[in-house]
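Both counts, for ligands and for their atoms, begin at 1 and track the order of listing. Numbering of residues begins at 1 and proceeds along the displayed sequence. The structure displayed is predicted, hence computed values, not measured ones.
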Amino acid sequence: MQLITHIYMDGRFVEPHGTELFDLHNPATGEVFGRVRLGDVEDTRAAIAAAKRAFPLWSRSTKAERIALLHRLHEAMEARKAALLDAIILEYGAPISRAAWMAAHASNSFLDAARTLEDFDLTQRIGTAEVIMEPVGVVGLITPWNSDAGFICNKLAYALAAGCTVVIKPSEMSAAQTQVVLEALHAAGAPAGLFNVVNGRGEVVGAEITANPDISKISFTGSTAVGKAILRAAADTLKRVTLELGGKSPTVILDDADFAKAIPLALEAGFANSGQACIAGSRILVPASRLDEAIAATKIALGNVRAGDPRDAGTTIGPMVSQAQYERVQRYIRRGVEAGARVVAGGEGHPDGLGGYFVRPTVFADVTNDMTIAREEIFGPVLCLMTYEDEAQAISIANDTTYGLQAYVISSNPVRATAVARQLEAGRVVINGAPHDPSVPFGGVKQSGIGREYGVFGLQAYLEPKALLGALPM
Ligand code: NAD
């Protein structure tokens, strides 16, 4: 039984004031493998105070000092990559290939932030003034469970690059992964108080971070409902907010697409991270005249989609993170059937021979955009095949959603695909399966969020311009 008894502040692992113990489950079996002791409001205030003490010094650090620290943090994460991979698989159930990507992504965040800072002018001449980009202050970082290490490291890296100090509240369901990340970062020997981490509940630790007047900014990744609550609560102290929220992403397959290539790409976008992805392409739009062909190609492509042991290299879909998440996905599948959608593959229950929190990868056809399964974020491997008559209708259906995080377009004609991409309401549009680029802004429009992460835009989110009129050039 793994016991996580300490939180992290002022450069040390400390016993929290909070005493609640929270069970950690292996989602592949449902068994409890560990327990974490949660911090409370008092712990959160102490962590914020530590970050506040560290701010004056770090906010005045030079670009070179920040870049050097980011490189040390990267190296420290590299040294613990194998342990992190293990924790991701045990605690989250990500299939090994995905888990390896996640561990590498977390570690590389520090290099990405260092590169961005290297090329960024923290002091600029604008008009008659010298404009200094100053760190916004002490930042609260609140993260979800679906890529724990990645969210912690990416937000932390850019905040430190900007000269901010931070308090992190990771998902309480990810404490084993957080522990590995923390041990790695601690080994890098950063100045005390730069980053402080409090495991705890959202309505306790998260709420205190959101309300506390010593926090200048919140960067939150999680559900739209909690994001709205944070935005409301943050208004009292006029905190800056970056909100990375939910999605209901469309994958628009144009009528000229080769389905033998397009459908596997669409399933990959939909089933990524076992469907527990804000960017999951969960609405697949195909021309009505080619629906039968799309269903046939889907059935063939599903031959390569396998739910199973996350440690097996052939597995592409892991379990849901928790019993609650398992039940949520079951409810949505039931609602799809009740609404009259046709089950092309999958359905309710566990896949054959699997227990734990595994669900059956499910594809519905005959889905209309007014059905609940087409409107609400399911956050599991459940996809909707939908039809359109012409390109204009495809764009209109794709945009008929309260969300706007990431969209996908697939076509054999890149010029046409780009023209369609320009008309989609989303923070990012991926054309023909283009890979992730960490220098490119990421974030949503509409109710998928506010602000951007990654690259220059991600760095600017932790900075505020200060204009010195009449200042002599440096
Ligand atoms: P969640 O909103 O339930 O929780 C996210 C974090 O917020 C957790 O650490 C939680 O403890 C904390 N929290 C809960 N209540 C809070 C409160 N009142 N005040 C402050 N903090 C609080 O989300 P989740 O279930 O952990 O993650 C899944 C959701 O995250 C999905 O909706 C998904 O789309 C979204 N997500 C978005 C992105 C993105 O980049 N846009 C990425 C990953 C996940």
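- With sequence neighbours left out, the side chain to side chain contact (heavy atoms under 4.5 Å, CB included) criterion links A277 to N273, I279, A280.
- Contact atoms of ligand 1 toward F442: 40 (O) (distance under 4.0 Å to a heavy atom of the residue).
- A donor-acceptor contact closer than 3.5 angstrom is absent between the side chains of S448 and K446.
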side-chain contact (heavy atoms from CB on, under 4.5 Å), that's the test. Do V252 and V286 meet it? Break it down for me.
CA-CA 7 Å; V252 181; V286 298; over 6 Å; no
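- Among all protein heavy atoms, the one lying closest to atom 24 (P) of ligand 1 is W145 NE1, 3.4 Å.
- For ligand 1, the atoms lying closer than 4.0 Å to a non-hydrogen atom of G206 are 19 (N), 20 (C), 21 (N).
- Residue S223 places at least one N or O, backbone or side chain, under 3.5 Å from an N or O of ligand 1.
- Taking atom 37 (C) of ligand 1 as the reference point, the nearest protein heavy-atom neighbour is L245 O, 3.0 Å.
- Residue-ligand proximity, N146 to ligand 1, at heavy-atom distances under 4.0 Å covers atoms 43 (C), 44 (C).
- Remark: minimum distance from atom 27 (O) of ligand 1 to any protein heavy atom is reached at P144 CB, 3.3 Å.
- Among S147, G202, A234, C278, the residue whose heavy atom lies closest to atom 14 (C) of ligand 1 is G202.
- Residue T143 places at least one N or O, backbone or side chain, under 3.5 Å from an N or O of ligand 1.
- Atoms CG and NE2, on N199 and H6 in that order, are 12.0 Å from each other to the nearest 0.5 Å.
- The residues E208 and K169 are annotated as not salt-bridged, no charged nitrogen and carboxylate oxygen being separated by less than 4.0 angstrom.
- Using a non-hydrogen distance threshold of 4.0 Å, A207 registers as a contact of ligand 1.
- There is no protein heavy atom less than 4.0 angstrom from atom 4 (O) of ligand 1.
- The single protein non-hydrogen atom nearest to atom 7 (O) of ligand 1 is F220 CE1, 3.2 Å, given as residue, atom name and distance.
- Residue S396 holds its OG atom at 13.0 Å from OH of Y388, rounded to the nearest 0.5 Å.
- Contacts between E172 and ligand 1 below 4.0 angstrom, taking non-hydrogen atoms only, involve the side chain exclusively.
- Here the two rings, on F33 and H25, have centers that are 6.0 Å apart or farther.
- Of the heavy atoms in L405, only side-chain atoms (C-beta onward) come closer than 4.0 Å to ligand 1.
- Of the options V241, T210, V226, T242, a side chain to side chain contact (heavy atoms under 4.5 Å, CB included) to F220 is made by V226 and by none of the others.
- In this structure, of E453, E377, R201, the residue bringing a heavy atom nearest to atom 31 (C) of ligand 1 is E377.
- Using a 4.0 Å heavy-atom cutoff, S171 is listed among the residues neighbouring ligand 1.
- For the pair P441/Y454, no side-chain contact is recorded, criterion being any heavy-atom separation below 4.5 Å from C-beta on.
- Here is the list of ligand 1 atoms found below 4.0 Å of a heavy atom in F151: 42 (C), 43 (C).
- Among E244, R328, K169, the residue whose heavy atom lies closest to atom 10 (C) of ligand 1 is K169.
- Under a 4.0 Å N-O distance rule, the pair D312/R306 qualifies as a salt bridge.
- For ligand 1, the atoms sitting less than 4.0 Å from at least one non-hydrogen atom of G246 are 34 (O), numbered in the order shown with element in parentheses.
- Side-chain atoms of T316 and N304 include no donor-acceptor pair closer than 3.5 Å.
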